[in-house]
Amino acid sequence: MKVLLVNGSPHEKGCTYTALFEVAGALQKNGIETEFFHLGTKPVHGCLGCRKCMETGKCIINDIVNDFVAIAADFDGFIFGSPVHFAAASGMITSFMDRAFYGRKNSILAYKPAAAIVSCRRGGASAAFDQLNKYFTICNMPIVSSQYWNMVHGNTPDEVRQDFEGLQTMRTLGNNMAWLLSCIELGKKSGIALPEIEARIATNFIR
């Protein structure tokens, strides 16, 4: 079993990575393979709403979003991490997730456990955490929880490493993700089928 940890910070080895690294360590101790996916510093365009991805499976804007889509099917779970910018997730990971999740709720992402983690200096973590969780709840993805909201505090990686409660929350998240993945794997082996997905009913609020 494998989990992809997506780093939505422009800093490859900054505070967000420090938190994700703690999660990865707990996953590995439980026998789960991990891989990091850094969004980098190149611009990530917002979604155009053209729906071409629903026809081709790929975005017409060929950037890191398509790199993610190309490998997502190989992973059993996902952790998405972001720094907190103005009490919200970073603009980069927001644009990335808008496009990566659009039109794929019943294909490469459905029924795969997911979690969000956020890193902030002081405030706004709860709002950013809530924002990221909304992607999972619209895509049939079980959300993995921890002993507290998945956040760490600090302005540098060294400061994050002093947030002992935050790091413990990350380790608990990794342990919980590993447990849920193991349960799902046992369910598959015993013949438990995935829930049937009904044809979508879309209602527009026009009177």
Side-chain angles (χ1 to χ4, degrees), residues 2-46 63-65 67-68 71-72 75 77-101 113-136 141 143-179:
K2 298 193 300 182
V3 170
L4 187 64
L5 299 101
V6 178
N7 182 359
S9 169
H11 305 290
E12 186 174 8
K13 296 293 178 69
C15 296
T16 303
Y17 169 82
T18 304
L20 289 171
F21 185 82
E22 199 74 10
V23 180
L27 286 165
Q28 291 162 12
K29 285 183 178 179
N30 284 278
I32 307 295
E33 294 181 46
T34 61
E35 185 174 319
F36 285 87
F37 187 89
H38 183 223
L39 299 190
T41 57
K42 292 182 179 179
V44 178
H45 202 291
D63 59 9
I64 198 161
V65 173
D67 295 340
F68 170 82
I71 65 171
F75 290 87
F78 302 91
I79 309 283
F80 295 88
S82 175
V84 175
H85 293 169
F86 295 96
S90 73
M92 179 166 296
I93 200 169
T94 299
S95 293
F96 168 83
M97 293 181 76
D98 280 353
R99 290 169 50 213
F101 278 69
I117 69 101
V118 294
S119 168
C120 71
R121 182 190 70 83
R122 187 172 177 86
S126 296
F129 179 61
D130 178 62
Q131 174 191 340
L132 292 174
N133 279 309
K134 288 185 171 67
Y135 291 95
F136 316 139
M141 301 177 79
I143 295 179
V144 183
S145 61
S146 185
Q147 65 191 39
Y148 195 76
W149 297 305
N150 305 331
M151 60 183 72
V152 295
H153 290 81
N155 206 36
T156 66
D158 283 340
E159 289 181 0
V160 170
R161 284 188 278 268
Q162 296 175 55
D163 179 7
F164 301 122
E165 182 179 358
L167 293 181
Q168 185 180 61
T169 300
M170 297 299 114
R171 293 192 298 273
T172 302
L173 174 61
N175 291 333
N176 290 350
M177 170 71 86
W179 172 79

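Since this is a predicted model, take the numbers as computed values, not measurements.
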Subject >> His38 side, atom NE2; Tyr17 side, atom OH - distance, nearest 0.5 Å >> reply: 11.0 Å
Subject >> Short side-chain to backbone donor-acceptor contact, Ser146 and Thr169, under 3.5 Å >> reply: yes
Original post:
Name the one of Phe129, Phe78, Phe80 that satisfies ring-ring contact (aromatic ring centres under 6.0 Å, His included) with Phe136?
Top reply: Phe80
**OP:** May I ask you to test the Ile79-Met177 pair for a side-chain heavy-atom distance under 4.5 Å?
**Re:** yes
Original post:
Just wondering, more than 12 heavy atoms not from His85 lying within 6.0 Å of its NE2?
Top reply: yes
Original post:
Asp163 side chain to His153 main-chain N or O, any donor-acceptor pair under 3.5 Å?
Top reply: yes
Original post:
Considering the options Asn175, Thr172, Asn176, which one meets the side-chain hydrogen bond (donor to acceptor under 3.5 Å, both in side chains) requirement together with Gln147?
Top reply: Thr172
Original post:
Does Lys2 NZ have over 12 foreign heavy atoms under 6.0 Å away?
Top reply: yes
Subject >> Least distance between heavy atoms, Asn30 atom then Ala178 atom >> reply: CB-CB, 3.4 Å
Subject >> From Ile93 atom CD1 to Asp98 atom CG, the distance as rounded to the nearest 0.5 Å >> reply: 10.5 Å
Original post:
Closest heavy-atom contact between Cys15 and Gly154?
Top reply: SG-O, 3.8 Å
**OP:** Please confirm whether the backbone N or O of His45 pairs with a side-chain atom of Arg99, one donor and one acceptor, at under 3.5 Å?
**Re:** yes
Subject >> Closest non-hydrogen atom pair, Thr41 against Pro10 >> reply: CG2-O, 3.5 Å
Original post:
Run the side chain to side chain contact (heavy atoms under 4.5 Å, CB included) check on Thr34 and Phe21 step by step: do they pass?
Top reply: CA-CA 10 Å; Thr34 61; Phe21 185 82; over 6 Å; no
Subject >> Nearest-0.5 Å distance, CD1 of residue Ile64 to OG of residue Ser95 >> reply: 12.5 Å
**OP:** Compare every heavy atom of Gly174 with every heavy atom of Leu27, then report the nearest pair and how far apart it is.
**Re:** CD2-O, 3.3 Å
Original post:
Is there side-chain contact between Phe68 and Leu39, with at least one heavy-atom pair below 4.5 Å?
Top reply: no
Subject >> Closest approach of Leu5 to Leu20 (non-hydrogen atoms, all atoms of both residues) >> reply: CD2-O, 3.4 Å
**OP:** Taking all non-hydrogen atoms of both residues into account, name the closest pair between Gly81 and Thr16 and its distance.
**Re:** C-CG2, 3.5 Å
**OP:** Give the C-alpha distance, both sets of side-chain angles, the deciding distance and a yes or no for side chain to side chain contact (heavy atoms under 4.5 Å, CB included) between Val152 and Met170.
**Re:** CA-CA 8 Å; Val152 295; Met170 297 299 114; 4.0 Å; yes
Original post:
To the nearest 0.5 Å, what is the distance between CD (Gln131) and CE (Met97)?
Top reply: 8.5 Å
Original post:
Do the side chain of Ser82 and the main chain of Gly8 share a donor and acceptor less than 3.5 angstrom apart?
Top reply: no
Original post:
Between atom CD1 of Ile71 and atom CG of Leu4, what is the distance when rounded to the nearest 0.5 Å?
Top reply: 5.0 Å
**OP:** To the nearest 0.5 Å, tell me how far Glu159 CD sits from Arg161 CZ.
**Re:** 10.5 Å
